Amino acid sequence: MNITLKEKVYGALFGYAAGDALGIGTEFMTRAEIHRKYPDGLTRYSQIIRDAHRSQWRRGDYSNDTRQVEILMKAIILENELSYKSFARDMREFYLQDPIDLTANMRWVLSQEDFVKDPFATAIKVWTGMKVDEAPSDAIGRAMVCGMWNKDVLKNADETCRVTHPHSRCRVSAQIIAHMTNSLMWKDQEATFDELLKIATENEPEVIRYLEIARYGALADFNLDHENSYWYVRKAMGAALWTLWHCDNPNEALLKIVNEGGDSDGNAALATGILGIKYGFSAIDKCYIDGLQEKEGLAEIAEKFTNCLERNFC
């Protein structure tokens, strides 16, 4: 499949935003709740029910998950390099604008006065203070961008994750997504299962089971809508890889993940973004592009990021 670099970049960013925007419609719902509210499934932005949670956004808006991807891409464009320090600086500026939907742990990390000076130490201090035992998934989208930047892929994925999420499960899941993204972007092929397994085995064995489900299991095996575990970063990673290995286009991936519920906007964003790289921007249904609230801004970022990649790696 011959897909241009521009098609891949646009597919990644617009796919990510579309997954985020449609996923808001089922975020925090169980599959049973989704069936009651969307009997034929959620397939269009116009269907999104405007309840107390979802009324924070217009239909077609996306959440802070996509904002983080935008922030990292903009930092790379501005400085012509990927630097976790620049990303930390810009995330702090984002926090000071008081976004509506940052998670509590990320808000606490970004609120610290010493965050920009030493984000790694700050994140560890905050996570220790909050006694965070689990590893949430709200930073993993950055890994897709790290994979698109064809240099120091695993190192960049690790450092960019550590800015706010120091847990090893977050960092290894990010490295796996970055490695897969890099292979799709620059080698026009999927990274092998053994390559991904090696990253997990050497750094965080708890991730292995989720890789195995993604390769050999069913999407339902992840229990994405389980109220006590839908934040697991391993689930977001695994679900994205499952769609890569079991879906034929980004639209199929989008609808399957959205209608599983749980952290559906983050999960669908990652899955649709990665399949947007594999199949290209043109493979994404036009209704998911046209219905986005800020598509002009996304197009500007995608164009500049494409040019940046071409200057550095082509």
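Source: prediction; values computed, not measured.
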Has [X] got a side-chain atom pairing as donor or acceptor with [Y]'s backbone, closer than 3.5 angstrom?
X      : Y      : answer
Thr243 : Ala253 : no
Asp263 : Trp231 : no
Arg215 : Phe193 : no
Asp221 : Ala218 : yes
Glu202 : Ile199 : no
Arg92  : Ser111 : yes
Ser264 : Gly23  : yes
Tyr38  : Ile49  : yes
Glu7   : Phe281 : yes
Trp149 : Met73  : no

Ion pair check, [X] and [Y], cut-off under 4.0 Å:
X      : Y      : result
Glu159 : Lys155 : yes
Arg171 : Glu204 : no
Lys256 : Glu260 : no
Glu303 : Lys6   : yes
Asp61  : Arg58  : yes
Glu70  : Arg67  : yes
Glu79  : Lys74  : no
Asp98  : Arg107 : yes

Which pair of non-hydrogen atoms, one from [X] and one from [Y], has the smallest distance, and what is that distance?
X      : Y      : value
Ala178 : Cys146 : CB-CB, 4.4 Å
Gly141 : Leu270 : CA-CD1, 4.4 Å
Asp265 : Ser63  : OD2-OG, 3.2 Å
Asp248 : Glu252 : N-OE1, 2.8 Å
Ala200 : Ile176 : CB-CD1, 4.2 Å
Leu275 : Cys247 : CD2-CB, 4.1 Å

Over-ring placement of Arg59 relative to Tyr45, 6.0 Å and 45° cut-offs: no
Quiz item: cation-pi between Arg234 and Tyr232, 6.0 Å / 45°: yes
Verdict with reasoning, Asn105 to Thr103, per side-chain hydrogen bond (donor to acceptor under 3.5 Å, both in side chains): CA-CA 6 Å; Asn105 65 295; Thr103 58; 3.0 Å; yes
Arg142 and its side chain to side chain contact (heavy atoms under 4.5 Å, CB included) partner, picked from Val69, Thr164, Asn156, Leu82: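 Among Val69, Thr164, Asn156, Leu82, the one meeting side chain to side chain contact (heavy atoms under 4.5 Å, CB included) with Arg142 is Thr164.
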Ring pair (Phe, Tyr, Trp, His ring centres under 6.0 Å) assessment of Tyr16 paired with Tyr62: CA-CA 9 Å; Tyr16 200 94; Tyr62 45 80; 9.2 Å; no
Quick check: do [X] and [Y] have side-chain heavy atoms less than 4.5 Å from each other?
X      : Y      : answer
Asn182 : His179 : no
Leu42  : Lys37  : no
Lys8   : Asp188 : yes
Asp225 : Met29  : no
Phe305 : Val145 : yes

Polar side chain donor-acceptor pair, His35 to Asn259, under 3.5 angstrom: no
Donor on one side chain, acceptor on other, Ser229 and Lys235, under 3.5 Å: yes
Hydrophobic clusters here meaning ILVMFWY residues chained together by side-chain heavy-atom distances under 4.5 Å, can you tell me if [X] and [Y] are in one?
X      : Y      : value
Leu13  : Phe94  : yes
Val207 : Leu219 : yes
Met106 : Ile124 : no
Tyr10  : Ile289 : yes
Trp245 : Met237 : yes

Reported CD-to-CG distance for the pair Gln68 and Asp20, which is rounded to 0.5 angstrom: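 One finds 10.0 Å between CD of Gln68 and CG of Asp20.
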Distance, nearest 0.5 Å, that separates CD1 of Ile140 from CG of Asp65: 11.0 Å
Test of ring centre spacing under 6.0 Å for Phe313 and Trp186: yes
Candidate pair Ser168 and Asn203, rule side-chain hydrogen bond (donor to acceptor under 3.5 Å, both in side chains), full reasoning: CA-CA 8 Å; Ser168 60; Asn203 299 283; over 6 Å; no
CA sep, side-chain torsions, deciding dist, call: Leu241, Tyr210, side-chain contact (heavy atoms from CB on, under 4.5 Å): CA-CA 10 Å; Leu241 293 175; Tyr210 294 83; over 6 Å; no
Aromatic ring pairing Tyr84/Phe120, orientation class (parallel under 30°, perpendicular over 60°, tilted between):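 Rings of Tyr84 and Phe120: parallel, under 30°.
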Side chain to side chain donor-acceptor pair (under 3.5 Å) partners of Arg44, counting only residues at least two apart: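 Counting only residues at least two positions away or on another chain, Arg44 forms a side chain to side chain donor-acceptor pair (under 3.5 Å) with Tyr288.
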Heavy-atom neighbours of Lys295 NZ exceed 12 at 6.0 Å: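 Count over threshold, so yes.
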